[in-house]
Amino acid sequence: MTEHVEAVTFPGGIHPPYRKSYTKDKAVERAGEPEVVVIPLHQHTGAPNEAQVAVGDEVRVGQVIGATDAFVSAPVHSSVSGKVKAIELGPHPAMGAKVMSVVIESDGTETLHDSVKPRGDYSDMSPDDVKTIIRDSGIVGLGGAAFPTAVKVSPPKDKPIDTYLLNGAECEPYLTSDHRLMVERADEVVYGLRVLMHASGTPRAVVCVEDNKPDAIAALKKAVAGLENIEVTALHTKYPQGSEKHLIKAVLSREVPTGGLPFHVGVMVSNAGTAVAVSDAFQKGMPLIERVVTVTGSIVKEPRNLLAKIGTRFGDLIEECGGLTGKPSKVLMGGPMMGIAQYTLEVPVIKGTSGILVLSEEEADFGPTVPCVKCARCVDVCPVSLLPLFLAAYSERKMYDMAEASNALDCIECGCCSYVCPARRPLVHAIRVAKAEIMQKKRREMQAAKK
Amino acid sequence: MELERVVVSSSPHLRSPATVPVLMRDVVVALVPAALAGIVFFGYNALLLTVASVVAAVAAEAAYQKVAGKEVSVGDWSAVITGILVAFNVPPSAPLWLPVVGSAFAIVVVKQLFGGIGSNFVNPALAARAFLVASWPAHMTRWTSPFDAVSTATPLVTMGSGEVPAYADMFLGNIAGCVGETSALALLIGAGYLLARRVIDWRIPGAYLGTVSVLSWILGPRGIFTGDPLAHLLAGGLLLGAFFMATDYVTSPVTKKGRLYMGIGCGILTVLIRLYGGFPEGVSYSILLMNLATPLIDKFTGPRVFGHAK
Ligand code: SF4
Ligand code: SF4
């Protein structure tokens, strides 16, 4: 091994109740074929796609239905075979507004598109060809940020990457989709990682898993046995251990500079689920048309890990878990710390849907918001060492300049501060507002400078 | 399946079980041993003083909020704490109206007029103590011995002439002093509870007591390094102040480094006032002064932000 891997940790962070036992031992099962899928054309960070099909067209599994020439983007593919019923604005679980979506009625035959066939051995290909396949397969980061993977593995030439970190922390409570993938498909996780290393020219990799998943660690250790340049590291279980910057800090003791990205410190990070998607793209030729979704919560009748096709409605997956046993008060896409609250179950699974979490009324009721008592809990847990109480107070008073001067833009929106606040102050929300205002001001200034 | 009445709010969607009332109630629980010790050593009047003070604090808060048209927030237990602390800071022989006036002053003038919980810039109970000392100095300095209530002096006064009661008596609380400050044992039990429940952080009391120990040892009566740190720790209201008043969230720094400075500052001031000041008791004034410095300390002790240059 090259340099010594030192398991340091980062200051701050929290230990929320993890509540993973609902699903952590449940093997991934394929969800039933949806009758209809609603596939948003925009499921990633970057430029939206344009529809490549028309209403009435017959499409097959794996066929491109949305694409664009923009660099930062990823095409979308049909997850079913059937007929395009509509191309219209549809609900989206992550974007505030409705987005253009292709509605396809499945014919139930799951006929594959001609383009779906194994790609051969990646190690015979040039990194650029590998990147082209990654891009054509529509692969984006599956951890939630949905950044196009082909773009990610193409850092500036003058920034050599020495270490690839595979993020299997899955530090969000309730979620087990990555956990199950690592246990059940460890070989494919490692295969995908090796493809990613090849594409980015990275000599070594560390697979990072929180120590509350010993079965995943064991499976991965077995999968990397005999590989010189990949090791598996157990991480301390602590939220937000899965934050890219904190993962890098914990595993390599390197600190990504403010405003910087992992490649600034020679590191690349991808999620474990992303590696499996890459593996599928090469070994089966299957683009990203499905993913594992943890459907969970105390009032979900039978919580499960489901392999769901992109475009399947949340409501259908919840039905597949036996429905709900109580009144839902909140439905989230993602985990309870950073997940996005939904207002309808009509929203479809997208590439970034790691989980569907239903919270009951008791779970979602935190009690009233009262004045800040300056208990400093938010300060003690902030993994970025910010002073959240002051940032939020500046934001609430519209003092955005003060918020900017106090480094509001460094906030990773992990939610630790709001989680611990005994006064129930909406700290992250206020800081988000300040960040948006600061960014808007910056854009205005840049535009003014251009004129 | 449609969703009716779901909440669409910003993340996070989980919260820790600690709420403001839960934390405040923990502080009240932690003060109970000291209250019991006060009653054991000073008798019935100590109980009456405490009850009257708490009732006055809660009533003053509720009345003020009613009159001002604000939401009545006495359910958060913070007024109860203020009431107990005011009672703990008066002599056991004080007339009942003394802590009642003090509590009303603490709640109305120091807390509510500045905007209520979270907005006062000094600790209400300590401000009340200073107010009572200034207004009724005779009542506030009439010390009696435990059990027999005979007039006597407190260890801090006698310490000046080199006379210190037995450590065991000081530790148990069998000495003259305010209602709630004499029993180190009872205060430490409460403090241990607060630390274990993570209601308070070790930094302020740790730095405070550490500084007092070192400094009182160095600045001894018979030259350098001849002091009696143990007597200084056990005498007067130091433990009560260090664990229950200097740690008041609202009036102490929020940064980790700032909390250490708060403790060190309180420690230095306490020793200087005790050894060279006009009063024997330095704790309340030290904490009050450091309360005033708190915003400044917070301003200059912000931690290095992740990813920023060292
Ligand atoms: S945790 Fe809440 S109450 Fe405590 S200091 Fe932060 S904002 Fe204030
Ligand atoms: S301020 Fe931002 S980074 Fe710090 S705890 Fe709150 S959400 Fe996380």
Side-chain angles (χ1 to χ4, degrees), chain A residues 10 14 16-17 173 245 249 255-260 315 318-319 323-324 328-332 336-345 357 359 363-364 366-367 370-376 379-380 383-387 389 406-407 410 413 415 418-424 426 428-429 432, chain B residues 1-24 26 71 73 75-76 78 115-121 198-201 203-204 247-259 294-295 298-299 301-310:
Chain A
F10 55 90
I14 56 171
K245 294 182 180 184
K249 172 84 176 165
E255 204 164 302
V256 177
T258 172
I318 293 174
E319 286 301 336
L324 302 176
S329 167
K330 256 189 195 181
V331 175
L332 307 174
M337 294 305 298
M338 295 186 83
I340 303 167
Q342 306 297 318
Y343 58 89
T344 165
L345 292 178
L357 171 59
L359 294 177
E363 285 169 305
F366 311 134
V370 300
C372 168
V373 292
K374 305 203 174 71
C375 68
V379 175
D380 288 348
V384 185
S385 297
L386 298 171
L387 304 175
L389 75 161
S406 310
N407 306 308
D410 284 295
E413 301 181 21
S418 292
Y419 174 81
V420 294
C421 178
R424 300 301 187 235
V428 189
H429 181 73
R432 251 187 222 130
Chain B
M1 187 173 12
E2 248 330 294
L3 290 174
E4 5 151 1
R5 299 223 331 261
V6 283
V7 188
V8 182
S9 63
S10 184
S11 64
H13 309 283
L14 267 191
R15 297 296 161 92
S16 78
T19 60
V20 171
V22 167
L23 294 175
M24 297 292 162
D26 270 343
E71 203 184 319
S73 67
D76 67 17
S78 67
I117 189 168
S119 300
N120 48 293
F121 61 94
R198 294 177 188 274
V199 174
I200 59 169
D201 170 59
R203 286 180 179 77
I204 292 175
T247 53
D248 171 30
Y249 294 151
V250 181
T251 54
S252 63
V254 296
T255 64
K256 285 187 179 151
K257 227 192 264 166
R259 282 174 246 163
T294 287
D298 271 337
K299 195 166 168 192
T301 53
R304 181 186 70 88
V305 174
F306 189 100
H308 285 252
K310 307 214 171 173

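Values reported hereafter were calculated over all heavy atoms of this structure, with side chains retained and with hydrogens, waters and symmetry mates removed. Just so it is clear: chains get the letters A, B, ... in the order the sequence lines come, proteins before strands, and each one is counted from 1. This is a predicted model, so every value here is computed, not measured.
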**Fill in**
Correct closest heavy-atom pair for Ala341(A) and Ser9(B) would be CB-O, 3.6 Å
**Prompt:** What part of Leu23(B) gets closer than 4.5 Å to chain A, counting heavy atoms only: side chain, backbone, both or neither?
**Reply:** side chain
**Message:** Need one label for Arg304(B): side chain, backbone, both or neither, based on atoms under 4.5 Å from any heavy atom in chain A.
**Reply:** both
Using a cut-off of under 4.5 Å for heavy-atom pairs, which of [options] has the most such pairs with chain B?
{"options": "Pro16(A), Pro336(A), Ala376(A)", "answer": "Pro336(A)"}
{"options": "Cys372(A), Pro17(A), Ser418(A), Cys421(A)", "answer": "Ser418(A)"}
{"options": "Leu332(A), Leu389(A), Leu387(A), Val428(A)", "answer": "Leu332(A)"}

**Prompt:** Is there a donor-acceptor pair closer than 3.5 Å between any side-chain N or O of His13(B) and the backbone N or O of Gly339(A)?
**Reply:** yes
Measure the shortest side-chain to side-chain distance between [X] and [Y] over non-hydrogen atoms and say whether it is less than 4.5 angstrom.
{"X": "Ile117(B)", "Y": "Val373(A)", "answer": "yes"}
{"X": "Leu14(B)", "Y": "Pro173(A)", "answer": "yes"}
{"X": "Val254(B)", "Y": "Cys375(A)", "answer": "no"}
{"X": "Val379(A)", "Y": "Lys256(B)", "answer": "no"}
{"X": "Arg432(A)", "Y": "Ser10(B)", "answer": "yes"}
{"X": "Val370(A)", "Y": "Ser73(B)", "answer": "no"}

Measuring heavy-atom distances to chain B, does [X] have an atom under 4.5 Å in its side chain, in its backbone, in both, or in neither?
{"X": "Val384(A)", "result": "both"}
{"X": "Leu357(A)", "result": "neither"}
{"X": "Pro257(A)", "result": "both"}

**Side chains of Ser252(B) and Lys374(A), donor plus acceptor under 3.5 Å** = no
**Prompt:** Should Asp380(A) and Arg259(B) be marked as a side chain to side chain contact (heavy atoms under 4.5 Å, CB included) after you check the CA-CA gap, both sets of side-chain angles, and the distance that decides it?
**Reply:** CA-CA 12 Å; Asp380(A) 288 348; Arg259(B) 282 174 246 163; 2.5 Å; yes
**Request:** For His308(B), look at atom NE2 and say whether over 12 heavy atoms of other residues, nucleotides or ligands are found less than 6.0 Å away.
**Result:** yes
**Prompt:** Taking Val250(B), Val199(B), Asp248(B), Thr251(B) one by one, which has the highest count of heavy-atom pairs under 4.5 Å against chain A?
**Reply:** Val250(B)
**Fill in**
Taken to the nearest 0.5 Å, the spacing of Phe366(A) CZ from Ser16(B) OG works out to 10.0 Å
**Item:** For Phe306(B), all residues meeting ring-ring contact (aromatic ring centres under 6.0 Å, His included), sequence neighbours excluded
**Value:** His246(A)
**Worked verdict on Gln342(A) versus Val8(B) for side chain to side chain contact (heavy atoms under 4.5 Å, CB included)** = CA-CA 6 Å; Gln342(A) 306 297 318; Val8(B) 182; over 6 Å; no
**Request:** Determine, for Arg15(B) against Glu363(A), whether the closest basic-nitrogen to carboxylate-oxygen distance falls under 4.0 angstrom.
**Result:** no
